[in-house]
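Quick notes on the structure that follows.
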Amino acid sequence: MRYPLFVMLLAAAMLAGPLAQAATLAPEQRFRTLGDFSGKKPGKPARDVSGLACMPAANGTQRCLLINDEGSFAQFARIAENRITPDATVPIIGADASPDTLGQPPQGICKMPGRFAELDGEAVAYAEGAFYVAGSHGCSRKRGEFRLSAFHLARIKVDAEGTAAGKVELTYRLSDMLRTAGPAGAFFGRGLMDDSGLNVEGIAVVGDTLWAGLRAPSLGNRGFFVGASLNALFAPGHAPATEAPRVFQLPAGPDRGIRDLAPLPDGRLLALLGPAQEQALPYSLLLIDPARPDAAAPLGDLPARSGGKAESLTVLTQDGKGLAVLIGYDGPKNGHFESYRLLLEPR
């Protein structure tokens with residue numbers, strides 16, 4: 001299915017207006033899913049896509065990993081042209097906490113204890129031979145329970161073909177970084193809906209830094225992203241992380257936060273912005289330079305999708321025609337993925 005010609009945005013136009021006046025972007029095309037992604041219930045398609053990250057293309061195909069927020073697994077996929085083919089699932093956590101998980105579980109947070117349940121996977125990234133998957137690192141939405149299962153960061157090493165190689169590595173140490181993340185850290189372990197509790201919804205990896213984009217809190221029209229060292233997060237043993245994170249604020253607008261992150265080859269980041277809770281606010285794309293986060297450039301708003309919330313942002317390719325990105329939605333079956341093309345000025 002073809003859409004109207006893509007929107008190209010020049011840097012001068014991006015910087016000229018405030019976030020509230022961003023233009024609405026036009027999708028380039030809808031991607032077809034050849035088969036169903038696995039949902040929480042066996043035999044049911046996924047309707048809760050929350051993240052997709054891909055390896056660089058090889059022979060016209062990209063090997064990717066998809067996460068949804070209602071299970072304890074991730075799922076491989078392949079993208080070729082405008083087609084997405086679901087592949088094998090890979091378990092991230094089991095029915096109980098693993099004694100091999102690095103670091104120490106967070107303590108003394110959320111309103112009440114809860115059971116070890118789903119991962120509440122919200123974000124996925126790829127870099128240098130490994131996929132990374134992050135749980136929300138937040139209290140449960142309805143009752144504000146502490147569910148340790150949601151406080152994991154996972155690393156899945158893969159070979160050149162994108163096949164999982166070795167055991168999934170798990171760490172609790174992102175919690176140590178988040179609870180010391182400046183003004184946002186004070187909201188770690190609070191309820192998202194009633195107390196602006198900290199929630200991770202996007203991750204990106206650049207070098208040794210894992211960037212975590214926060215859906216909430218939104219403070220003074222600012223959103224937050226937090227940088228943590230991969231070496232510190234995955235260091236052997238069970239000692240907690242002691243290294244201070246890097247904390248940046250960006251102009252997100254009232255009651256909005258980061259719903260996903262994606263890295264660019266030059267070290268900049270793309271952010272998908274959306275409501276910090278369930279406010280009736282637009283979803284937007286924002287270009288971030290970690291060296292100058294206050295100069296973040298709005299790229300435009302996404303068109304509203306009935307019954308769907310934009311949750312997934314993936315960079316596909318960058319060439320002379322611009323930057324191709326893929327947006328996926330929580331709500332529709334199999335993510336209702338559609339592509340956009342953006343023209344970005346060099347760094």
Side-chain angles (χ1 to χ4, degrees), residues 1-9 24-39 45-68 74-90 123-131 133 156 158-164 202 204 260-266 270 272 283 285 287 299-300 302-303 305 308-344:
M1 178 178 181
R2 303 293 297 185
Y3 287 86
L5 186 65
F6 59 80
V7 175
M8 290 188 175
L9 301 172
T24 299
L25 302 172
E28 186 179 31
Q29 61 179 315
R30 168 82 181 277
F31 273 45
R32 292 184 293 148
T33 304
L34 307 182
D36 289 330
F37 285 105
S38 298
R47 294 183 177 272
D48 44 24
V49 167
S50 54
L52 178 77
C54 298
M55 299 171 65
N59 299 318
T61 300
Q62 286 181 274
R63 177 73 160 170
C64 307
L65 189 70
L66 177 136
I67 189 72
N68 64 65
Q75 187 165 4
F76 286 109
R78 294 190 182 276
I79 295 180
E81 297 180 340
N82 66 343
R83 301 181 301 277
I84 306 175
T85 304
D87 207 333
T89 59
V90 53
V124 59
Y126 173 81
E128 297 181 2
F131 286 99
V133 175
I156 306 162
V158 295
D159 61 20
E161 300 299 320
T163 302
D260 206 0
L261 284 175
L264 297 180
D266 61 10
L270 283 183
L272 171 62
Y283 291 82
L285 297 181
L287 179 64
L299 303 178
L302 299 176
R305 292 286 178 255
K309 299 180 292 184
E311 292 277 340
S312 172
L313 168 64
T314 310
V315 173
L316 295 177
T317 59
Q318 187 170 14
D319 54 29
K321 296 180 180 179
L323 181 73
V325 301
L326 193 64
I327 301 293
Y329 294 84
D330 182 344
K333 185 172 71 171
N334 296 317
H336 189 95
F337 287 96
E338 54 191 15
S339 65
Y340 293 76
R341 193 172 292 273
L342 309 168
L343 184 62
L344 304 181

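Side chains included, hydrogens not; waters and symmetry mates left out as well; all remaining heavy atoms used. Quantities reported herein were computed from a predicted structural model and do not represent experimental measurements.
Between Val124 and Leu66, every side-chain heavy-atom pair lies at or beyond the 4.5 Å cut-off. Between Phe337 and Thr314, every side-chain heavy-atom pair lies at or beyond the 4.5 Å cut-off. Residues Leu287 and Leu342 fail the side-chain proximity criterion, which asks for heavy atoms closer than 4.5 Å. In this structure, Arg30 and His336 have side chains that are in contact, with non-hydrogen atoms separated by less than 4.5 Å. Contact check for Val158 versus Leu65: no side-chain heavy atoms found under the 4.5 Å cut-off. Within the 4.5 Å cutoff, side-chain heavy atoms of Pro56 are placed close to those of Tyr126. Looking at Leu285 and Ile327, their side chains come closer than 4.5 Å, going by heavy atoms from C-beta outward. A heavy-atom distance below 4.5 Å is not found between the side chains of Phe37 and Asn68.
The line from CG of Leu316 to SG of Cys64 is 7.5 Å long, rounded to the nearest 0.5 Å. In this structure, Thr317 OG1 and Leu323 CG are separated by 7.5 Å, a value rounded to the nearest 0.5 Å. Note: Glu338 CD to Gln29 CD = 10.5 Å, rounded to the nearest 0.5 Å. Summarising the geometry, atom CD belonging to Glu81 is positioned 9.0 Å from atom CZ belonging to Arg32; distances are rounded to the nearest 0.5 Å. Distance check: Ile67 CD1 to Glu311 CD gives 12.5 Å after rounding to the nearest 0.5 Å. Considering OH of Tyr329 and OG of Ser50, their distance stands at 15.0 Å, rounded to 0.5 Å.
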- [ ] Could you please spell out the steps behind the salt bridge (charged side-chain N to carboxylate O under 4.0 Å, His left out) verdict for Asp319 and Arg341?
- [x] CA-CA 10 Å; Asp319 54 29; Arg341 193 172 292 273; 3.6 Å; yes
Open item on the list: Apply side-chain contact (heavy atoms from CB on, under 4.5 Å) to residues Arg63 and Asp87 and explain how you reach the verdict.
Closed with: CA-CA 10 Å; Arg63 177 73 160 170; Asp87 207 333; 2.9 Å; yes
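Under a 3.5 Å cut-off, the side chain of Asp330 and the backbone N or O of Lys309 do not form any donor-acceptor pair. Under a 3.5 Å cut-off, the side chain of Gln318 and the backbone N or O of Ala324 do not form any donor-acceptor pair. With hydrogens and angles disregarded, a donor-acceptor distance shorter than 3.5 Å links the side chain of Gln75 to the backbone of Ser38. The closest donor-acceptor contact from the side chain of Glu28 to the backbone of Tyr340 lies at 3.5 Å or more, if one exists at all. Side-chain atoms of Asp260 come within 3.5 Å of backbone atoms of Leu313 as a donor-acceptor pair (strictly under, hydrogens ignored).
Scanning all heavy atoms of the two residues, the minimum distance from Leu261 to Ala204 falls at CB-CB, 4.1 Å. Here the closest heavy-atom approach between residue Arg305 and residue Pro27 is recorded as NH2-CG, 3.4 Å. Taking both residues in full, the closest heavy atoms of Val315 and Pro263 are given as CG2-O, 3.9 Å, listed atom of the first, atom of the second, then distance. The nearest pair of heavy atoms linking Ile156 to Ala164 is CG2-CB, 4.2 Å. In plain terms, the two heavy atoms of Asn334 and Gly35 that are nearest each other are ND2-O, 3.8 Å. What you find for Leu272 and Ser312 is that their closest heavy atoms are CD2-N, 3.9 Å.
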